[in-house]
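Let me begin by presenting the structure, written as structure tokens, before commenting on it.
Atoms within a ligand are numbered from 1 in the order they appear, just like the ligands themselves. From a predicted model like this one, the values you see are computed outputs, not experimental measurements. All heavy atoms count here, side chains included; hydrogens, waters and symmetry mates do not.
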Amino acid sequence: MWLFLVFFLLSSCEKAKLEEKPRAEISTKELFKLRGCTYCHDTSRPLVGPAFLDVAMRYKENEKEDLVKSILEGSCGKWKGKWECMPPQRVGKEEARRMVEWILHLKTTKPPASSL
Ligand code: HEC
């Protein structure tokens, strides 16, 4: 239990630091932390939701807008009941597009992207 608390405190410190950064300087990777995606997602490890690498393997470039919609409006049952639902995320449309772009590029990065 206390371990969880330490982890929580550490991650909220990190988040506070990011919140002070000017927006233009925030990388997409940092954006995933700032917007809380990393509580449920990582690049190659499935957590509460599917690993972003699995998302990248499953969707094509022309399906980007579907993923943006899933992020903005939430998503249920797309992963055959393997996961719970994702609630709608409080992010802007442009931010969601930036994130989807990053996620889809994971399948082309070599060596595989490190954890978020
Ligand atoms: C509370 C946990 C949670 C959070 C926070 C969360 N997700 Fe998810 N995410 C999920 C789950 C669960 C699914 C699987 C949904 C399904 O089966 O349809 C998912 C699915 C997805 C998918 C695939 C959607 C699809 O149509 O197949 C993308 C992309 C995604 N998340 C991105 C994000 C981004 C970006 C953020 C941060 C803004 C985020 N998620 C925050 C739990 C979460």
Side-chain angles (χ1 to χ4, degrees):
M1 180 61 208
W2 63 270
L3 241 179
F4 178 73
L5 205 70
V6 169
F7 177 74
F8 180 76
L9 285 175
L10 278 178
S11 57
S12 48
C13 281
E14 207 177 340
K15 206 173 158 205
K17 260 189 272 153
L18 283 175
E19 268 156 12
E20 285 165 15
K21 257 195 177 184
R23 248 189 111 190
E25 278 178 28
I26 294 179
S27 70
T28 310
K29 223 172 156 173
E30 288 171 330
L31 205 56
F32 286 111
K33 284 205 184 88
L34 192 63
R35 296 292 175 250
C37 316
T38 47
Y39 288 115
C40 298
H41 294 283
D42 196 7
T43 45
S44 52
R45 265 183 323 155
L47 300 175
V48 180
F52 283 153
L53 190 60
D54 293 333
V55 175
M57 299 314 269
R58 180 169 165 183
Y59 291 96
K60 298 189 184 69
E61 287 294 305
N62 61 3
E63 290 169 311
K64 273 184 205 160
E65 285 305 308
D66 296 337
L67 292 176
V68 170
K69 197 165 172 239
S70 290
I71 295 170
L72 297 179
E73 295 175 13
S75 163
C76 269
K78 298 234 175 81
W79 293 78
K80 297 212 180 80
K82 201 168 168 199
W83 313 97
E84 303 285 327
C85 295
M86 168 163 69
Q89 300 298 306
R90 271 190 261 149
V91 295
K93 202 166 192 177
E94 284 315 309
E95 264 181 18
R97 286 213 173 103
R98 214 172 123 186
M99 289 166 157
V100 167
E101 202 77 51
W102 190 91
I103 294 169
L104 289 185
H105 276 110
L106 281 177
K107 62 182 152 198
T108 58
T109 50
K110 281 197 181 82
S114 57
S115 288
L116 280 167

In the protein, what heavy atom is nearest to [atom], and what distance, to one decimal place, separates them?
atom: atom 3 (C) of ligand 1; result: Cys40 SG, 2.7 Å
atom: atom 12 (C) of ligand 1; result: Glu84 O, 2.9 Å
atom: atom 32 (C) of ligand 1; result: Phe52 CE2, 3.6 Å

For ligand 1, which part of [X] has a heavy atom less than 4.0 Å away: the side chain, the backbone, both, or neither?
X: Pro50; result: side chain
X: Tyr59; result: side chain
X: Cys37; result: both
X: Lys78; result: both

Does [X] reach the side chain of [Y], with side-chain heavy atoms less than 4.5 Å apart?
X: Met86; Y: Cys40; answer: no
X: Trp102; Y: Leu31; answer: no
X: Leu116; Y: Thr43; answer: yes

Intermediate values then yes/no, side-chain contact (heavy atoms from CB on, under 4.5 Å), Ile71 and Val100: CA-CA 9 Å; Ile71 295 170; Val100 167; 3.7 Å; yes

Considering the heavy atoms of [X], write down every atom of ligand 1 situated less than 4.0 Å from one of them.
X: Gly36; value: 5 (C)
X: Val48; value: 12 (C)
X: Ser70; value: 24 (C), 25 (C), 26 (O)
X: Cys85; value: 12 (C)
X: Val91; value: 38 (C)
X: Gly49; value: 10 (C), 11 (C), 12 (C)

Spacing of Lys64 atom NZ and Ile103 atom CD1 [to the nearest 0.5 Å]: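 So the gap between those two atoms works out to 12.0 Å.
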
Value rounded to 0.5 Å, distance of CZ in Phe32 from CZ in Phe52: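 Here the interatomic distance stands at 5.0 Å.
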
For [Y], does its backbone N or O pair with a side-chain atom of [X] as donor and acceptor, under 3.5 Å?
X: Gln89; Y: Pro87; value: yes
X: Ser70; Y: Asp66; value: yes
X: His41; Y: Val48; value: no

Minimum non-hydrogen distance to atom 21 (C) of ligand 1, winning option of Glu95, Met99, Met86: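 Nearest option to atom 21 (C) of ligand 1, by heavy atoms: Met86.
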
Closest to atom 9 (N) of ligand 1 among Glu73, Arg90, Lys80, His41 (heavy-atom distance):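 Nearest heavy atom to atom 9 (N) of ligand 1 lies in His41.
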
Glu84 atom CD, neighbour heavy-atom count above 12 within 6.0 Å: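 Not buried by this count: 12 neighbours or fewer within 6.0 Å.
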
Backbone or side-chain N/O/S of Ser75 under 2.8 Å of atom 8 (Fe) of ligand 1: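 Of the N, O and S atoms in Ser75, none lies under 2.8 Å from atom 8 (Fe) of ligand 1, which means no.
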
